[in-house]
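Structure record follows, encoded as structure tokens.
These figures come from a predicted structure and were not determined experimentally. Counting starts at 1 for both ligands and their atoms, in listed order. Only heavy atoms go into these numbers, but all of them, side chains included; no hydrogens, no water, no symmetry mates.
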Amino acid sequence: MSESWIVVGAGSAGCVVANRLSAQPGRRVTLVDCGPALLPGGVPAGVAGSSFFAALQEPGRMFPDLLATRATGIPATVYQRGRGIGGSSAVNAMVALPGSESLYRGWGWSDCAEAWSRVQIPAELAATSELGAVDQALLCDDRAEPLKLTRQNGKRVTSAEAYLWPVLDRPNLTVRSEAPVARICIDARRATGVVLDDGSELEADHVVVCAGAIHSPVILLRSGVDTPGIGSGLQDHPSVVFTLRLREEAHHASDGLPIASALHASVGSDVLQLLPMSHIGPARETAGLGAMMAALMTPTSRAGSVGISRSGTPVVNFALLDNAHDMQGLVSATRLALDLLRSTAFDQIVERIYIDDRGTTIEALTGESSIEAWVRTHCGDYVHATSTCAMGTVVDDDFAVAGYQNLYVCDASVFPSIPDANTHLPTTMLAERFGLRHLRDV
Ligand SMILES: Cc1cc2nc3c(=O)[nH]c(=O)nc-3n(C[C@H](O)[C@H](O)[C@H](O)COP(=O)(O)OP(=O)(O)OC[C@H]3O[C@@H](n4cnc5c(N)ncnc54)[C@H](O)[C@@H]3O)c2cc1C
């Protein structure tokens, strides 16, 4: 007997899911994505290069109309998500961190070790020659360390390269790019296929939605799926960014590696992360600038949400800093960054440090109340949206949507709460768990 599966979205999770499902010859798998293809010999220069800023500028690789509110009083701006085959793995900063095992154990994910052992994304340290002056300054602190990046021999490895390219010749796997899914077809609470934006219908016995933590709930809501909790509980790591005007000798090539090191610190049970950037993109006006991001990796607020407008477009509000814990945590991360930025190592490479785009400098942050006020008005995200179709609420342990048959979600939206690390590798592990749970022969 043969069964058909449609996988919606070819990002960090979707590429894994399509690979693992199509490993069973009795399954016909169609992977559809709304954005551009990513084929051997056809990787855009920006995606193949070292700078994720260039990757984000490749045509069609972002959702330019996707706006999100970060926190109360801060105007909504574009929220970066990868688009097209490879998804966010084709545009991300390649930071490769697994997240705490204790967190996964706490969720009862006893198969994590097996899932990690199946992860096919390579990770390696950057060459010393690629480190910028901002990395070098951070690494003067004992707590800082070079980061592994999802690269091999100095080149980005996207989820498409790791999981799709090796199996493109499987006769039971079809990959379709430029095919946006409008909604899922549901008949008597059973998924029966999808409808594309052009009105065409693809039938299938099973549908797995892997469109990411913003677009997966949007597609479910547009399809009339009424499982309680869809779109609620949206999280990201709250952050602030300092912009560094670097001394001439500390300038970094704008096509070089922007991020190669980090500093992690604990305050009680909270994890703080400092992420230095040796450059912030290729634009003429950002030449000679670097940055330091300070983030809280253990936020607890669940007030964020993804909904849809009357016309079915995403309505996204992260509601960051909605509780006192997250506010205090981000203030701690900010203080940690301020200490580092005021150290001799940074003094030697930085001319001036800005705290906004109007030219206000770090000297304005004189005391506790000015830091708190600045954090509240300048809090941003970390492009790590999660938990809008949380396991235990929206989907069960097998990733099946509660109250429906043959309908699944597998991507960063499924995390019960946000992992305490950058989310690409944890999402890959999560998708390997989907593969393990759907291994049965057909
Ligand atoms: C700029 C940036 C930098 C980042 N840096 C890092 C980093 O350095 N390290 C790290 O660990 N994490 C990083 N992240 C986060 C990480 O990449 C994501 O959390 C992870 O890739 C999410 O995987 P996903 O499968 O949930 O979604 P995605 O990888 O985003 O995949 C979703 C896919 O669904 C497709 N899709 C959406 N809507 C539809 C539709 N209607 N029809 C068909 N297809 C659709 C999209 O085109 C996309 O391909 C970064 C993210 C961004 C955007």
N/O to N/O below 3.5 Å, does that happen between [X] and ligand 1?
X      : answer
Ile219 : no
Val8   : no
Thr423 : yes
Ala412 : yes
His424 : yes
Gly14  : no
Gly86  : no
Ser413 : no
Asp411 : no
Gly84  : yes

Atoms of ligand 1 less than 4.0 Å from [X] heavy atoms?
X      : value
Thr427 : 23 (O), 25 (O), 26 (O)
Gly212 : 26 (O), 27 (O), 32 (C)
Gln80  : 1 (C), 53 (C)
Asn422 : 9 (N), 10 (C), 11 (O)
Pro180 : 42 (N)
Arg83  : 47 (O)

Under 3.5 Å, is there a donor-acceptor pair between the [X] and [Y] side chains?
X      : Y      : value
Gln80  : Asp381 : no
Thr300 : Asn323 : yes
Arg70  : Asn317 : no

If you measure from [atom] to every heavy atom of [options], which option wins on shortest distance?
atom                    : options                       : value
atom 28 (P) of ligand 1 : Ala431, Ala211, Ser88, Ala160 : Ser88
atom 15 (C) of ligand 1 : Val95, Thr150, Asn92, Val383  : Val383
atom 25 (O) of ligand 1 : Gly9, Gly60, Ala13            : Ala13

Glu130 (side chain) donor-acceptor with Ala127 (main chain) under 3.5 angstrom: yes
Donor-acceptor under 3.5 Å (Arg170 side chain, Leu173 main chain):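 Absent.
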Would you call [X] and [Y] a salt bridge, taking side-chain N to carboxylate O under 4.0 Å as the test?
X      : Y      : answer
Asp33  : Arg83  : no
Arg27  : Asp205 : no
Glu114 : Arg118 : no
Arg20  : Glu432 : yes

Distance to 0.1 Å, residue and atom name: give those for the protein heavy atom nearest to [atom].
atom                    : result
atom 31 (O) of ligand 1 : Gly11 CA, 3.3 Å
atom 5 (N) of ligand 1  : Ala93 N, 3.0 Å
atom 22 (C) of ligand 1 : Ser12 OG, 4.0 Å
atom 42 (N) of ligand 1 : Val181 N, 2.9 Å
atom 38 (N) of ligand 1 : His215 CB, 3.5 Å
atom 39 (C) of ligand 1 : Cys34 SG, 3.7 Å

Point-to-point distance, once rounded to the nearest 0.5 Å, from NE2 of His424 to CG of Asn422: 11.0 Å
Separation between CZ of Phe53 and OG1 of Thr286, rounded to the nearest 0.5 Å: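 Reported to 0.5 Å precision, the distance equals 8.0 Å.
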How does [X] reach ligand 1, if at all, at less than 4.0 Å between non-hydrogen atoms: by side chain, backbone, both, or neither?
X      : answer
Cys210 : backbone
Asp33  : both
Met94  : backbone

Atom CG of Asp142 with >12 non-hydrogen neighbours under 6.0 angstrom: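 No, the 6.0 Å shell around CG holds no more than 12 heavy atoms from other groups.
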Name of the residue among Val119, Val17, Val157 meeting side-chain contact (heavy atoms from CB on, under 4.5 Å) with Tyr163: Val119
Near-ring test Phe399/Tyr408, centroid separation under 6.0 angstrom: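 For Tyr408 and Phe399, the ring centres are not under 6.0 Å apart.
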Aromatic centroids of Tyr79 and Phe318 separated by under 6.0 Å: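 Aromatic pair counts; centres sit under 6.0 Å.
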Residue pair Ile186, Thr192: steps toward the side-chain contact (heavy atoms from CB on, under 4.5 Å) verdict: CA-CA 6 Å; Ile186 311 269; Thr192 59; over 6 Å; no
